[in-house]
Each structure stands twice: as C-alpha cells, then as structure tokens.
**Q** 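The structure follows.
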There are 2 protein chains.
Amino acid sequence: MTLSIARLGSFHIGGKAVTVDGLETLTMQVTSDSPPITVEQNGQFEAFQMYVQYVKLANSSRRQPILFWHGGSLTGSTWEDTPDGRPGWQTSFLSAGYDTYISDAVERGRSSWARSPQIYPSQPIFRSNREAWRLFRIGPELGEPFAGTQFPYEAFENLAKSIVPRWTCNDQPTLDAYAALLDRVGPSVIVAHSQGAAFALEMASRKPQSVKAVIALEPTGVPHHPDERLRSVPHLFVWGDHVKEHFFWGAPRIKSFEYHGNLRALGVESTFVDLPERNIHGNSHMLMSDRNTDRIVELIAEWLKTK
Amino acid sequence: MTLSIARLGSFHIGGKAVTVDGLETLTMQVTSDSPPITVEQNGQFEAFQMYVQYVKLANSSRRQPILFWHGGSLTGSTWEDTPDGRPGWQTSFLSAGYDTYISDAVERGRSSWARSPQIYPSQPIFRSNREAWRLFRIGPELGEPFAGTQFPYEAFENLAKSIVPRWTCNDQPTLDAYAALLDRVGPSVIVAHSQGAAFALEMASRKPQSVKAVIALEPTGVPHHPDERLRSVPHLFVWGDHVKEHFFWGAPRIKSFEYHGNLRALGVESTFVDLPERNIHGNSHMLMSDRNTDRIVELIAEWLKTK
C-alpha cells in the first residue's frame, strides 16, 4: 500500500537549560585525526527535552492524530518495524488514515540524556537480554520460548538491540514533556505501552480536554484515583498472555483491571481486553511485535471507530 | 509536495552480545507505582549496534539510495526538520527521488549505549550550549551570532536539545556497523557531516564497490592515504564560512583540501567547494540547518547528476 505523505519530520520539545559547575576542564582528542580540544565540562546544558517524529498524511481521514508512547528501556523504534522486519504500528495506523507522532521518552533515544549525579540524581539501569526475554514474557528463561508464543523469538536479538538504558528519576520531567507535546499537537489519541501507558493514563487525568482516547497496552501503573473529568476520555486496556508466569505482571494487571472498574463506576467509557479470554493466545508484552499483531491493531481500530 | 511512499520503517544492525560480570544485584522500583524488581546487573547485553530508519519511495527515480551519516554529539535528527522547523535534507532528497536511510551512529540516539568502564572503556562527554554555539560556528560567543550568519540562531535552543553525549572509544565499532549497513543496503550514495564525513571517507576506501559517491560536509578527518581503488568513487567536499574563526576547523579544512588534491592526483573525480569562494556567505558548520540550505542541496543535486 502506498502512503501519500504531505510532511514528515521531527522536533524536540520541553526540557530546560541546566547549569553544571565545579567540574574540571579536559583537553582531549574527540575525533580521531583531528586536533585536541578543550572540553569545558561546566556550563549550560539542555536537559529533560523530548524528541518527536511526525508523519502527516496528504489526506488524513481522522480528526485526531495518534501519539505513540513507548515503554521502559525502549524508544520510539517500538512502533516501527517488528524485530523480524514486518511493518510496525506506525505503518498500520498511517494506512488506517491517522497522522502519527512517535516520541522517545525523556532520557531515551534521540531525546538525549544528562550527566549524573549533577543533573540526574540517580544512575542508569541497563537491561540484560535475560531480563528482557523474561520480563517481556517471551518465555521462562533466555532462549526458551513459551509454547505457542506469538513473539517472533528467532529475531529476539533485534529487539534486544533496540533496548536503551533508563533512569528512575525522570517521571515528572517526562510527564511535563508529554504535556508540552499535547499542547503543541492539540487533541490526540494516545496509544501507549507499558511505562508509557502509565504516563498516558496519568496524562488523561491531567489534560482530559487534550486526550481524545487512551489505548493502554499493559500499563505498568495507574493513577491513584480516576478523576470525573475523564468522562470525555474513552479508555481501552489490552493485556496479553502468560501474565501470571512472571512475578512482575500480576500486580499491574490487577491494578489496571481495578482502575478500569473505577472508571466505569464514574461513568467513563472503558473497555478491558484480556486477549486470552477472547481466545487470542500467546501474546507477549510486546504486543506490537507479535506475529498476530494485526489482530490487535484491528481490535483497536474497531474500538476507535465506535468512539 | 506530496511524497508517495512504499515503505517506511527501521532496523538495528551490527554490534554483538557482550557479557558483564562481577557487579552486584540491585533491588529497586523501576517504574512508579509498580512492584520492586531485582535488577541483575550482570549478564549478556547488546552493544555497538546501529539504528537505521529508511523511507522507500513508491517510484524512486534514482538507482542508489542516500545514506545520511550525522556528526559528533548529534543523531539522525540532523537530517530531519531544521531547528526553526523547515523541512530537512531527508525531505529534500526524497523529493528529488532518492530513497533515504538515516542512521544514528553507534552509542548515540536510538542506537543505544553501553555501560562503562565494563563495555566502553572511556567516559561520556557532554557538549555544552556554549561549546555547540562556538564549534558549530554560529558566532564567537554564546548568544552572539556572526554578522550575516545563515544559521537560524533564534532557534538555537532546538539545535541544543538535539545534542547527545558521546564517547571517544567507538570509532572501530562504528565503522563496522556502517560496513554492515552498506552490505545490507547495497551500493549507495553517502551524504555525511563532520565526524560522520570522516567515517564516510574511510568507508569509501574500505568498500569502494559499495560507495557510489561521497558527499563530505566539513569532515573532521580524512584517511591517511587515498587508495587507487577510489577511482570509481566520486568525492564532493563542502565547507562553509568562518572556518578560520574557531581554532578547531583550520586543520580539518586544510587536511580535506590536501586529501582532495591527493585524490585527483590518483585520478579520482573530486570536487572541493568552499562556499565563500563561490560567493555563498555566512554558512555555519550545520549546513543542513542554515537558512540558505536549499542552495547547498541544489549544488549537491547538480553535482550528483553529473556522476
């Protein structure tokens, strides 16, 4: 399918200039075969900004664009090609007529990151291949897939290559940058994954007038109390398979089901999809990378049509 | 102008799994409102991989795609929108009929980065706003533009937000990943900037059969000796204004002029464009962001037509 695109590009948004002082000045050769330069480690540095890449269709058939917010230890590449090279959700939703905005969360990917402890108080965390395999519920142990998994595990290496370091100190600046993104783009649908889905649910409460719908794929957390201003914001929760087979996921699954119930009690339109209960089996945490991902795209597209 | 696009997406290439051991295991709450997890700091981690984003036209009118290689402390966002929001070179060259591949160098942006000193032996370097302003030749001192600069300095903040940390220990893995990229994509034209242009000149010598032309924008370095196998690889060098007004640039400018001379002596087609000598004044190091950047695109497009 050919896409007719009016404009594609990117911008950085949010963040602020931060001053660092008290560090020594270095003299070093920064690129091979070039003169040594003085590296002044003090001064003003940009921090907490967010990178956003957009694709605008020549004839978008939808009123609102989709903002894609990735999960922890990942970047916007989550929404591009799958690890085994199939088109990703960016392409699926462009094909369905939506303009798309894919961001890298603060501190990740093209959003850059800042010096610690001077700017970020904590140290980075690196995700090992074993942790990724298990936490993303590809299987019980690195190299062992669950029987019937939908994740294209033969291409796991490519997923592992897309993993980036993370910190635990930047939730507030990340939410601030997402808020700035909504202010810039205007009312949007948010499709968000894992940690990104927790941010999206929080943002719906913070800016209900700017969030036209939230699709929360396996959110790692939920807001403490749903706000009644959320009545204008339909919510869709989607959970995959093998949730009970990694200790981490039980609690977020239960919390998001409870939150869904609280939303409904308040009169908010909310749909909770447990894929195995709908007889869709074998999905990993990486729902957008799984072999049957087109079924999940279809499910979301159908749900969006009714909103 | 509407672009008809057959496929857009991304992949990671190159790199290898590296084992880390001897570190303690941490227990921490990684995302707010979610259960604490055990963070095993040891194990296998992917390192030295490269992120590549491609756009393939429905009817590309050129035999070879363009690979865009950015400079030091930057990412592939260099080739997207300019800091003041005009379409970047990605759009210009797509509009001219070329498929495009924009990579983030190893250790930068969506290519991820790895733990030091266990995987990278050296420490990251952070570029301050002052260093960027001066080194990119926007002006003599942060906030003071050169008279007549073509850089959209009122939007400098957006350039500064696109800066990422760098290391000095990854030239070889970066060249290896670029080589893997050429092996995957096949014969290509390389448009490269600054440190990326030094890598591109090196790669032309390493894989002359895969490099159809090199456009080197202000390369920070050049190979020690041109290789006579380069006779099949036309070279274009482009240098902007105010080169003598920052101590760093004099030497690379002279070296690239000498290298150009050596190439010609060997019978390699090489063109050296000093923009001020052609009466094009005020260009910064960020030629792709300058207000008159369309003139430089035109110059390159004209040159490519004759190759």
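Every chain is numbered from 1 and lettered A, B, ... according to where its sequence line falls, protein lines coming before strand lines. Bear in mind the structure is a predicted one, so any value in this text is a computation, not a measurement. Just so you know, these numbers use all the heavy atoms, side chains as well, and skip hydrogens, waters and symmetry mates.
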**Q** What distance separates Glu46(B) CD from Arg127(A) CZ, expressed to the nearest 0.5 Å?
**A** 14.0 Å
**Q** So what's closer than 4.5 Å to chain B heavy atoms on Thr82(A): side chain, backbone, both or neither?
**A** neither
**Q** Using a cut-off of under 4.5 Å for heavy-atom pairs, which of Gly15(B), Pro87(B), Pro252(B) has the most such pairs with chain A?
**A** Pro87(B)
**Q** Check whether Met50(A) gets within reach of chain B through its side chain, its backbone, both or neither, counting any heavy atom under 4.5 Å.
**A** neither
**Q** At a heavy-atom separation under 4.5 Å, does Phe247(A) approach chain B through its side chain, its backbone, both, or neither?
**A** side chain
**Q** I'd like to know which of Val222(A), Asn129(A), Leu26(A) tops the heavy-atom pair count under 4.5 Å against chain B.
**A** Asn129(A)
**Q** Would the distance check show the side chain of Lys161(B) and the main-chain N or O of Gly14(A) forming a donor-acceptor pair, the cut-off being under 3.5 Å?
**A** yes
**Q** Side chain from CB out, backbone as N, CA, C, O: work out which of these in Thr91(B) comes under 4.5 Å of a heavy atom of chain A, or both, or neither.
**A** side chain
**Q** Is the closest side-chain heavy-atom distance between Thr168(B) and Gln29(A) below 4.5 Å?
**A** no
**Q** Among Ser73(B), Gly221(B), Gly72(B), Ser10(B), who wins on heavy-atom pairs under 4.5 Å with chain A?
**A** Ser10(B)
**Q** Which region of Tyr51(A), side chain (C-beta onward) or backbone (N, CA, C, O), has a non-hydrogen atom less than 4.5 Å from a non-hydrogen atom of chain B, or is it both or neither?
**A** side chain
**Q** Applying side-chain contact (heavy atoms from CB on, under 4.5 Å), run through Gln44(A) and Arg130(B) and close with a yes or a no.
**A** CA-CA 7 Å; Gln44(A) 202 184 64; Arg130(B) 177 168 183 259; over 6 Å; no
**Q** State the CG-OG1 distance between Leu3(B) and Thr2(A), to the nearest 0.5 angstrom.
**A** 12.0 Å
**Q** Is it the backbone or the side chain of Arg108(A) that comes under 4.5 Å from a heavy atom of chain B, or both, or neither?
**A** neither
**Q** Would you please test Asn158(B) and Ile13(A) for side-chain contact (heavy atoms from CB on, under 4.5 Å) and show each step?
**A** CA-CA 8 Å; Asn158(B) 292 328; Ile13(A) 198 164; over 6 Å; no
**Q** Non-hydrogen atoms of chain B under 4.5 Å away: do they reach the side chain of Val55(A), the backbone, both or neither?
**A** side chain
**Q** With only heavy atoms counted, which part of Gln90(B) is less than 4.5 Å from chain A, the side chain, the backbone, both or neither?
**A** side chain
**Q** Asp171(A) versus chain B, heavy atoms under 4.5 Å apart: side chain, backbone, both or neither?
**A** side chain
**Q** Relative to chain B, which segment of Gln53(A) carries a heavy atom at a distance below 4.5 Å: side chain, backbone, both, or neither?
**A** side chain
**Q** Spell out, as yes or no, whether a donor-acceptor pair under 3.5 Å connects the side chain of Ser128(A) to the backbone of Gly43(B).
**A** no
**Q** Taking the side chain from Ser112(B) and the backbone from Ile163(A), do they hold a donor-acceptor pair closer than 3.5 Å?
**A** yes
**Q** I need the residue from Gly250(A), Ala251(A), Ser77(A), Gly85(A) with the largest number of non-hydrogen atom pairs under 4.5 Å to chain B.
**A** Ser77(A)
**Q** Against chain B, label Ala47(A) side chain, backbone, both or neither, depending on which of its atoms sit under 4.5 Å from a heavy atom there.
**A** neither
**Q** What are the two closest non-hydrogen atoms of Thr38(B) and Glu131(A), and how far apart are they?
**A** O-OE1, 3.9 Å
**Q** Counting heavy-atom pairs under 4.5 Å with chain A, which one of Arg110(B), Gln41(B), His224(B), Arg7(B) comes out on top?
**A** Arg110(B)
**Q** With a 4.5 angstrom heavy-atom cut-off, is it the side chain or the backbone of Gln49(A) that approaches chain B, or both, or neither?
**A** side chain
**Q** I need the residue from Ala6(B), Ser4(B), Ser194(B) with the largest number of non-hydrogen atom pairs under 4.5 Å to chain A.
**A** Ser4(B)
**Q** Under 4.5 Å heavy-atom distance to chain A, tell me which part of Ile125(B) shows up: side chain, backbone, both or neither.
**A** side chain
**Q** Quick check for you: among Ser162(A), Pro83(A), Ala17(A), which has the greatest number of heavy-atom pairs under 4.5 Å with chain B?
**A** Ser162(A)
**Q** Quick one: of Arg166(A), Met1(A), Glu40(A), who has the most non-hydrogen atom pairs under 4.5 Å with chain B?
**A** Arg166(A)
**Q** When only pairs under 4.5 Å are counted, which of Phe126(B), Phe48(B), Trp79(B) shares the most heavy-atom pairs with chain A?
**A** Phe126(B)
**Q** With a 4.5 angstrom heavy-atom cut-off, could you sort out which part of Phe199(A) is near chain B: side chain, backbone, both or neither?
**A** neither
**Q** If the plane angle is over 60° it's perpendicular, under 30° parallel, otherwise tilted; pick one for Trp113(A) and Trp113(B).
**A** parallel
**Q** Which bit of Pro165(A) comes within less than 4.5 Å of chain B, counting heavy atoms only: side chain, backbone, both or neither?
**A** both
**Q** Using non-hydrogen atoms only, which part of Pro223(A) is less than 4.5 Å away from chain B: side chain, backbone, both, or neither?
**A** neither
**Q** What's the separation between atom CD in Glu157(B) and atom NZ in Lys16(A), rounded to the nearest 0.5 Å?
**A** 13.0 Å
**Q** Side chain, backbone, both or neither: which part of Leu142(A) has a non-hydrogen atom closer than 4.5 Å to chain B?
**A** side chain
**Q** Among Thr75(B), Leu74(B), Leu94(B), Leu135(B), which residue has the highest count of heavy-atom pairs closer than 4.5 Å to chain A?
**A** Thr75(B)
**Q** When only pairs under 4.5 Å are counted, which of Val20(A), Val164(A), Ile5(A) shares the most heavy-atom pairs with chain B?
**A** Ile5(A)
**Q** Please lay out, stage by stage, how Phe11(B) and Asp81(A) fare under the test side-chain contact (heavy atoms from CB on, under 4.5 Å).
**A** CA-CA 7 Å; Phe11(B) 54 85; Asp81(A) 290 358; 5.6 Å; no
**Q** Please rank Ala132(A), Ala58(A), Ala160(A), Pro124(A) by heavy-atom pairs under 4.5 Å with chain B and give me the top one.
**A** Ala160(A)
